[in-house]
Amino acid sequence: MIGTLQTFALDCPDPTALAGFYAELVGGKVVDEDGDNTWVELQGDYGTTLSFQRIDDYRAPSWPGQEQPQQTHIDIAVTDIADSQRQVLALGATLLEDWNGTKTWRVYADPVGHPFCLCGS
């Protein structure tokens, strides 16, 4: 092993706002150590920190196209996809793909366009 994973960072136009979205989704504490909203972390008891970095010219990835490819996404395990979907949509997520119930996951975009999945058990 060369090292350990320190964080997973997402580019976005407003790190505090996006960290708040993910705090509602997976829990944790939003921390902006410098207080300037350029690098904000979501720290939780679940493991690695999720970080958010302000990018002034941020452009959201597209789904499912490749003009601005998704490049990465986050999978969130849930026990009830229908209830979890209701909650993430209320937080500002957008449903991108649900396959009419034929898959055990659904694809969403967070409020600034990063794709993520809710995965049922």
Task: Residues which pass side chain to side chain contact (heavy atoms under 4.5 Å, CB included) with Asp75, listed by chain and number, not counting sequence neighbours - done: His73, Cys117, Cys119
Open item on the list: Which heavy atom of Pro115 sits nearest to which heavy atom of Pro61, and what is that distance?
Closed with: CD-CG, 3.7 Å
TODO: Report the residues that fulfil salt bridge (Lys or Arg N to Asp or Glu O under 4.0 Å) with Asp83, sequence neighbours left out, ordered by chain and then residue number.
DONE: Arg86
TODO: Identify the two heavy atoms, one from Ile81 and one from Gly120, that lie closest to each other, and give their separation to 0.1 Å.
DONE: CD1-N, 3.4 Å
Open item on the list: Restricting to non-hydrogen atoms, name the atom on Gly28 and the atom on Ala23 that form the minimum distance, rounded to 0.1 Å.
Closed with: O-CB, 4.1 Å
Open item on the list: With clusters defined by side-chain heavy atoms of hydrophobic residues (ILVMFWY) lying less than 4.5 Å apart, directly or transitively, does Val31 cluster with Leu10?
Closed with: no
TODO: Could you pull out all residues at least two apart from Trp39 that satisfy ring pair (Phe, Tyr, Trp, His ring centres under 6.0 Å)?
DONE: none
Task: Residue pairs fulfilling side-chain hydrogen bond (donor to acceptor under 3.5 Å, both in side chains) with at least one residue in residues 20-33, sequence neighbours excluded - done: Tyr22-Asp110
Task: Contacts of type side chain to side chain donor-acceptor pair (under 3.5 Å), residue Ser51, not counting sequence neighbours - done: Thr7
- [ ] In sequence, state the C-alpha distance, the side-chain angles, and the governing distance for Tyr108 and Leu95, and then conclude on side-chain contact (heavy atoms from CB on, under 4.5 Å).
- [x] CA-CA 4 Å; Tyr108 304 83; Leu95 179 65; 3.5 Å; yes
- [ ] Applying side chain to side chain donor-acceptor pair (under 3.5 Å), name anything that partners Asp36, two or more places apart in sequence or on another chain.
- [x] Thr38
- [ ] State whether Asp56 and Arg54 are salt-bridged, where the test is any N-O pair (Lys NZ or Arg NE/NH1/NH2 against Asp/Glu carboxylate O) under 4.0 Å.
- [x] yes
TODO: Check side chain to side chain contact (heavy atoms under 4.5 Å, CB included) between Ile76 and all other residues, then give those that pass, not counting sequence neighbours.
DONE: Leu25, Val26, Ile74, Val78, Phe116, Leu118
TODO: Return each pair, listed once, that meets salt bridge (charged side-chain N to carboxylate O under 4.0 Å, His left out) where at least one residue sits in residues 94-107; pairs must be two or more places apart or across chains.
DONE: none
TODO: Not counting sequence neighbours, which residues clear ring pair (Phe, Tyr, Trp, His ring centres under 6.0 Å) with Tyr58? List them please.
DONE: His114
Open item on the list: Tell me which pairs pass side-chain hydrogen bond (donor to acceptor under 3.5 Å, both in side chains) where either residue lies in residues 9-19, with sequence neighbours left out.
Closed with: Asp11-Gln53, Asp14-Asn37, Thr16-Asn37
TODO: Might you point out which heavy atoms bring Val40 and Pro15 nearest each other, and give the distance in Å?
DONE: CG2-CB, 3.5 Å
